Amino acid sequence: MAELPDKRTAFIDWYLAVVEAARLTDKRYPVKGMNIWTPYGFRARRNLDAVLVREIEATGSEALEFPALIPANEFAKEKEHIKGFDAQVYWVTKGGLSDLDIPLVLRPTSETAIYPIFAVWVRSHRDLPLNVYQIVNVFRYETKTTRPFVRVREIHFFEEHTCQANEEHATERVRSNLEAFRKMAAAFVLPYLPIRRPEWDKFPGAFYSIAFDAPVGGARTLQLGSVHHYRENFSRPYGIRYEAADGSQQYVHQTTFGLSERLLGAIVAVHGDAKGAVFPTAIAPYQVVVIPIPGTESGEGPLKVASEAAERLRRHGARIHLDGGDERPGAKYYRWEAAGVPLRLEVGRREAESRTLTAADRLGRKGPVALDRLEHEVGERLAEFDRALAERAHAAFAASFAVARSLAELAGSTQVRLVAWCGSEACGHQIEAAIDGALLGTPEAPLPIDPGATGACIACGATDGARWALAGQPL
RNA sequence: GGGACUGUGGGGUAGCUUGGUCCAUCCUUCGGGGUUCGGGACUCCGAGACGCCAGUUCAAAUCUGGCCAGUCCCA
């Protein structure tokens, strides 16, 4: 079996090889940017979605689902939004053999599908807040190279859409989303930084956008998701108004919160190593794989003990796989390590006789597990694995940032850079050119390193209004 | 939108410059047999490909054109 490419020097090749070796998708579907979710990959996706659902519903949001097709005239109502998505929509222009009177857009995101209906639903201040989300597929005609999970044309999309009584409440909703994402990211063991995007890079039609960026090696970053404050930018064109307590008519202020399977890509990119993927237990398709080692003369002992252990753990609620195939044990170890399974339990003659299994976690720690205390000890080892994974990820996170004091210093960056920025678009673009990437924006949370005093804008030298911003190379 | 490059079994490849030695190489994968069995076993048998359509030629994986698909660079 071939070695994986080196993660540090050939990141993209490594990433593609890991996705392939872990068997998360099948990329052979003959439409660009549309991958097949294999049973194993689908399990990961389902676990991921479960976390999203749990955390968003904890904030009082309700699931619903809108249709996938949007009439062209509704799609065109908000000018900035259209400009932003025009070039990447798929059109449905025919029904059977005849042309449609009104062409339909296959949703690239669902504002324009949902908001005409919000206008009907929202009548009174008593209808507010309206917090709903859906998990659906959206379609974007990406022109750049597509990559599994990270840049696809059929996106598995989580989108929350809300209506609030006023700007303050909408700001409050944004905060609540940031907090919900903090909990989601904890389950994924993904360190990230919430960053307010610069004006020219906010969501088309938004008042402002806050994105979650994770460093994934070198100066590269991956946007994990985003939260947007729309103010009245959509409620005006779509006529989403309510009658306030004082009898006046008011436009709602809206927010959205978007996430996708990119999170899975980030989990692979951040945690993966030279052996393949590494899944945190919350997402792992299988949390434990049990491998019986029959041996030549050990009889049925190992097999019986292995299935007993698997059955008990399954009843206990663990996601478990018993690998009873007739490959040699070593081949199975490699396979499940590449697949990112957190914990492996080995059952050979020795284990069967002593009723003590051998556990090996994906980070390389090994030790005995008494069959008597199986559920408890496996639970502890999984928790310990998550802790160690978090520690490793946070160490890498902290090491991913460095201050740059001049534009020249940005060239060839091997870290995400903190730069002093005056806030002007012209300077922003100079910074982007210097790092051959993007000015990600200004942090919305404490920085992972202490950069000291801001000083002067790295591009124009102005000291007035200069603040810390982040620059990197988005994947 | 402009340009460059690339398409060979399920995956990765050799062959292409200079057409014939190719009913296409090697690794992997898959099916079957035997020996094995605590970190990717060995061996034997078998399966599986020249992106599509035209053209040039006695002869095309190889040359030409168009199409399709993909990759990279520039806007």
Side-chain angles (χ1 to χ4, degrees), chain A residues 1-6 10-41 83 85-89 141-148 150-154 200 220 273-277 289-306 309 322-341 343-369 371 429 432-433 436-438 473-475:
Chain A
M1 191 71 58
E3 294 280 305
L4 295 172
D6 184 66
F11 179 80
I12 293 297
D13 293 335
W14 169 86
Y15 175 79
L16 295 171
V18 169
V19 170
E20 170 116 23
R23 306 184 188 203
L24 292 167
T25 67
D26 194 320
K27 63 177 181 191
R28 291 171 296 188
Y29 195 75
V31 179
K32 178 185 166 89
M34 299 190 182
N35 297 318
I36 296 154
W37 291 87
T38 60
Y40 190 72
K83 246 199 298 176
F85 281 103
D86 220 6
Q88 31 178 318
V89 297
Y141 188 77
E142 280 289 348
T143 52
K144 294 211 172 106
T145 304
T146 57
R147 309 196 185 292
V150 170
R151 198 180 302 124
V152 290
R153 284 178 166 180
E154 180 175 17
W200 65 90
R220 284 181 294 266
D273 58 24
K275 289 176 168 179
V289 58
V290 180
I291 299 182
I293 305 167
T296 326
E297 288 149 23
S298 43
E300 293 189 339
L303 214 64
K304 275 176 74 174
V305 172
L322 174 65
D323 188 352
D326 56 9
E327 283 173 305
R328 297 156 73 92
K332 293 179 185 175
Y333 299 167
Y334 278 92
R335 152 122 7 115
W336 293 113
E337 280 165 359
V341 176
L343 191 70
R344 173 176 82 230
L345 291 176
E346 305 167 12
V347 193
R349 183 176 51 81
R350 293 198 296 267
E351 285 82 0
E353 284 170 0
S354 64
R355 295 191 57 82
T356 301
L357 313 190
T358 299
D361 78 16
R362 181 59 179 75
L363 296 177
R365 276 137 350 150
K366 280 185 111 159
V369 168
L371 200 52
H429 291 319
E432 298 190 322
D436 190 24
Q473 297 170 325
L475 267 190

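Keep in mind that the numbers below use all heavy atoms, side chains included, and drop hydrogens, waters and symmetry copies. All values derive from a computational prediction rather than experimental measurement. To find a chain, count down the sequence lines: A is the first, B the second, and so on, and within it residues start at 1.
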Step by step, work out the side chain to side chain contact (heavy atoms under 4.5 Å, CB included) result for A:Val152 and A:Thr146.
CA-CA 5 Å; A:Val152 290; A:Thr146 57; 5.6 Å; no

Report the residues that fulfil side-chain hydrogen bond (donor to acceptor under 3.5 Å, both in side chains) with A:Asp6, sequence neighbours left out, ordered by chain and then residue number.
A:Thr9

Minimum-distance pair of heavy atoms, taken over all atoms of A:Met34 and A:Tyr29:
O-CB, 3.4 Å

Expressed in whole Å, how much space separates the C1' atoms belonging to B:U43 and B:A24?
26 Å

Whole Å only: how far is the CD1 atom of A:Ile293 from the P atom of B:G40?
12 Å

Writing each nucleotide of RNA chain B 5' to 3' as (, ), [, ], | or . by Watson-Crick or G-U pairing under 3.5 Å yields (((((((..(((.......[.....)))(((((((.....)))))))...(((((..]....)))))))))))).

Taking B:U28 as the reference, what is the distance to B:C45 when you measure between their P atoms (whole Å, please)?
15 Å

Is there a donor-acceptor pair under 3.5 Å between the side chain of A:Arg362 and the backbone N or O of A:Glu337?
yes

Side chain A:Thr38, main chain A:Leu24, donor-acceptor under 3.5 Å
yes

Just how far, in rounded Å, is P of B:G39 from CZ of A:Arg362?
18 Å

Using whole Å, what does the distance between atom P of nucleotide B:G12 and atom CG of A:Asp13 come to?
12 Å

Rounded to the nearest Å, what distance is computed from the CG atom of residue A:Asn35 to the P atom of nucleotide B:G70?
12 Å

Report which part of the nucleic acid A:Arg23 touches: base, sugar-phosphate, or nothing (heavy-atom distance under 4.0 Å, all strands).
nothing

Contacts to RNA chain B from residues 323-341 of chain A, heavy-atom cutoff under 4.0 Å, which residues?
A:Arg328, A:Pro329, A:Gly330, A:Ala331, A:Tyr333, A:Tyr334, A:Glu337

Distance in angstrom units between A:Glu20 CD and B:G11 C1', rounded
6 Å

Between B:G39, B:U71, B:G38, which nucleotide has the shortest distance from any of its atoms to the side chain of A:Lys366?
B:G39

For the C1' atoms, the ones on B:C58 and on B:C42, what distance do you get once it is rounded to whole angstrom?
48 Å

Kindly determine whether A:Arg147 and A:Glu142 satisfy side chain to side chain contact (heavy atoms under 4.5 Å, CB included), including the steps that lead there.
CA-CA 11 Å; A:Arg147 309 196 185 292; A:Glu142 280 289 348; over 6 Å; no

How far apart are the closest heavy atoms of A:Ala360 and A:Glu346, and which atoms are they?
CB-OE2, 4.3 Å

Rounded to whole angstroms, how far apart are CZ on A:Arg350 and P on B:G39?
9 Å

Is A:Lys144 close enough to B:U71 that one of its side-chain N or O atoms is under 4.0 Å from OP1 or OP2 there?
no

Any idea which heavy atoms bring A:Ala17 and A:Pro5 closest together, and the distance?
CB-CD, 3.7 Å

Whole-Å P distance, B:G70 and B:G12
15 Å

Say you pick atom P in B:U62 and the same atom in B:C50; how far apart are they, in whole Å?
12 Å

What's the CG-C1' distance between A:Leu16 and B:G70, to the nearest Å?
13 Å

Within 6.0 angstrom of A:Lys32 NZ, more than 12 heavy atoms from elsewhere
yes

Give the minimum heavy-atom separation between A:Lys366 and A:Thr358, together with the two atoms involved.
CE-CG2, 4.1 Å

Among the nucleotides B:G12, B:G38, B:G39, which one has an atom lying closest to any side-chain atom of A:Arg344?
B:G39

Exceeds 12 heavy-atom contacts within 6.0 angstrom, atom CZ of A:Arg23
no

Could you tell me how far B:C67 sits from B:G2 if I compare only their P atoms? Round to whole Å.
13 Å

Whole angstrom is fine here: how far is it from CZ in A:Arg151 over to C1' in B:U71?
13 Å

Euclidean distance for P, B:G51 against B:A61 (whole angstrom):
10 Å

Nearest-nucleotide 5' precedence on RNA chain B, A:Val347 against A:Val31
A:Val347

Euclidean distance for P, B:C53 against B:A49 (whole angstrom)
16 Å

